[in-house]
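Worksheet for the structure shown next.
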Amino acid sequence: MYRHSSALQFHAKPERPDAFFASRLQELVGGQFGEMTVMMQYLWQGWNCRMPGKYKDMIMDIGTEEIGHVEMLVTMMARLLEGAPSETQAEAAAANPALAAVLGGQNPQQAIVTGGAAMPTNSQGVPWNGGYIVASGNLLADFRHNVAAEAQSRLQTARVYQMTDDPGVKDMLQFNLARDTFHQQQWLLGIEQLIEDGFTDGIEDSLKDEEKTEPARTFYSFHDDSTAHEGRWAQGTTLVGDQQISFEQGRPLADDVNEVPAPDPLLFATYDGSKGPGKPGNAGGAYAQGAQNLFSKAKDALTPDD
């Protein structure tokens, strides 16, 4: 359950309307690294977190704060768009707000679609996409992605900040910059807490006992005269496991080559017949293949030595 307060977390009061800048600010709302993304990402991670207590509460606290950040930006944009377009460049534009929007540099959708308000899109009008968010259920992996999301969000805020001289807008964006600074630290400290509590050694290593040994400690270089070996990532010991890092020129590690089977003739792929006739696929065949695979796995589990 959520409760809404009419008071914004921080004021969003521009000194004057600026439709041109509002079209840029739209990126911080619905862009890939905008506030809508981190809001939905953290809420999804929090709702799906399987550990009641400090971790879930921390994620939900930050996710809920981000709802307020979206509201702040939406409010700011409505105020920036007040009266827009305020000036026209021709008599025709004076009679046509959409044309005036184009001539004045405003995002025309803000005039046509929302009636002078923000949209859940990026600065080019591309709708916000749920595919932007990451919520894997693995807190280490998610926290690392959250650090990157906050870093990208802050970077873009810093770039947009330099596109305006409005002191009111700058004041709000200074607050946003500060929150992005601290949120990066919150997620990094969350990783430290996961390590301290024994949930991870700091590297996502699920099924570690199943992985190949040498590739887990080797830097492969794939161009001549590479200087990558000079970096810490290619020398010394691994961050976990205290293994010696190896630097090698990239080379084939198996005798396999890129050859694919003959195509299904019903898919009409260009084919010279060199691999013989392809196997035609159909729904019945796919069902039979799946059943056979399942039977084989069950047989191997019951009679592992046969």
Assess, by modelled atom type and distance only, whether the side chains of [X] and [Y] contain a donor and an acceptor separated by less than 3.5 Å.
X      : Y      : result
Thr121 : Trp128 : no
Gln235 : Gln244 : no
Asp197 : Tyr55  : yes
Arg154 : Thr181 : yes
Thr64  : Glu66  : no
Asp166 : Thr164 : no
Gln9   : His69  : yes
Ser123 : Glu27  : yes
Ser136 : Asp142 : yes

Problem set entry | Residue list, salt bridge (charged side-chain N to carboxylate O under 4.0 Å, His left out) with Arg232, at least two apart or on another chain |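 For Arg232, no residue satisfies salt bridge (charged side-chain N to carboxylate O under 4.0 Å, His left out) once neighbours in sequence are set aside.
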
For [X], does the [atom1] atom have more than 12 heavy-atom neighbours from other residues, nucleotides or ligands under 6.0 Å away?
X      : atom1 : result
Lys279 : NZ    : no
Asp225 : CG    : no
Trp233 : CH2   : no

Measuring from atom [atom1] of [X] to atom [atom2] of [Y], what distance do you get when rounded to the nearest 0.5 angstrom?
X      : Y      : atom1 : atom2 : result
Gln156 : Arg24  : CD    : CZ    : 14.0 Å
Lys170 : Met163 : NZ    : CE    : 11.0 Å
Thr157 : Met172 : OG1   : CE    : 8.5 Å
Asp61  : Gln186 : CG    : CD    : 8.5 Å
Gln45  : His145 : CD    : NE2   : 9.0 Å
Leu81  : Phe21  : CG    : CZ    : 11.5 Å

hydrophobic_cluster_shared for [Y] and [X], side chain cutoff 4.5 Å:
X      : Y      : value
Val126 : Leu73  : no
Met39  : Phe175 : yes
Leu139 : Val134 : no
Tyr132 : Phe33  : no
Leu188 : Leu194 : yes

What are the two closest non-hydrogen atoms of [X] and [Y], and how far apart are they?
X      : Y      : answer
Met77  : Ala118 : SD-CB, 3.7 Å
Ala262 : Tyr271 : CB-OH, 3.4 Å
Met60  : Tyr2   : CE-OH, 3.2 Å
Val260 : Lys275 : O-CE, 3.0 Å
Gly168 : Met76  : O-CE, 4.0 Å
Asn122 : Gln26  : O-CG, 3.3 Å

Exercise. When Glu35 is tested against each of Val70, Val29, Val74 for side-chain contact (heavy atoms from CB on, under 4.5 Å), which residue passes?
Worked result: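 The single option meeting the side-chain contact (heavy atoms from CB on, under 4.5 Å) with Glu35 is Val70.
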
Problem set entry | Residues His11, Asp171; criterion side-chain hydrogen bond (donor to acceptor under 3.5 Å, both in side chains); working and verdict | CA-CA 8 Å; His11 50 248; Asp171 194 35; 2.5 Å; yes

4.5 Å side-chain heavy-atom contact, [X] and [Y]:
X      : Y      : value
Tyr220 : Gln249 : no
Phe20  : Leu80  : no
Pro120 : Met36  : yes
Ile62  : Asn146 : no
Met58  : Lys54  : no
Ile67  : Leu43  : yes
Ile245 : Thr237 : no
Val160 : Leu28  : yes

For this session: Determine, stepwise, if the pair Ser246 / Arg217 fulfils side chain to side chain contact (heavy atoms under 4.5 Å, CB included).
Result: CA-CA 6 Å; Ser246 174; Arg217 63 178 187 86; 3.8 Å; yes

For [X] and [Y], indicate whether the former's side chain and the latter's backbone hold a donor-acceptor pair under 3.5 Å.
X     : Y     : answer
Thr75 : Glu71 : yes
Lys56 : Met51 : no
Arg79 : Ala12 : yes

Problem set entry | CA sep, side-chain torsions, deciding dist, call: Phe182, Trp187, ring-ring contact (aromatic ring centres under 6.0 Å, His included) | CA-CA 9 Å; Phe182 189 58; Trp187 298 121; over 10 Å; no

Exercise. Passes side chain to side chain contact (heavy atoms under 4.5 Å, CB included), Met72 versus Asn176? Steps please.
Worked result: CA-CA 10 Å; Met72 286 164 52; Asn176 290 358; 3.6 Å; yes

Problem set entry | Ala234: partners by side chain to side chain contact (heavy atoms under 4.5 Å, CB included), with sequence neighbours left out | Phe219, Phe247

Problem set entry | Pair Tyr161-Gln174, side-chain hydrogen bond (donor to acceptor under 3.5 Å, both in side chains): steps then yes or no | CA-CA 8 Å; Tyr161 179 86; Gln174 287 167 358; 2.9 Å; yes

For this session: May I have the step-by-step check of side chain to side chain contact (heavy atoms under 4.5 Å, CB included) for Ile59 and Phe143, ending in yes or no?
Result: CA-CA 9 Å; Ile59 300 168; Phe143 286 5; 3.9 Å; yes

Exercise. Charged N to carboxylate O below 4.0 Å: is that the case for Glu150 and Arg179?
Worked result: no

Exercise. Under 4.0 Å between a Lys/Arg side-chain N and an Asp/Glu carboxylate O for Lys208 and Glu211?
Worked result: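 Counted as a salt bridge, because a side-chain N and a carboxylate O are separated by less than 4.0 Å.
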
For this session: Verify side chain to side chain contact (heavy atoms under 4.5 Å, CB included) between Ile191 and Arg144, making sure each step is shown before the conclusion.
Result: CA-CA 8 Å; Ile191 293 171; Arg144 290 201 185 284; 3.7 Å; yes

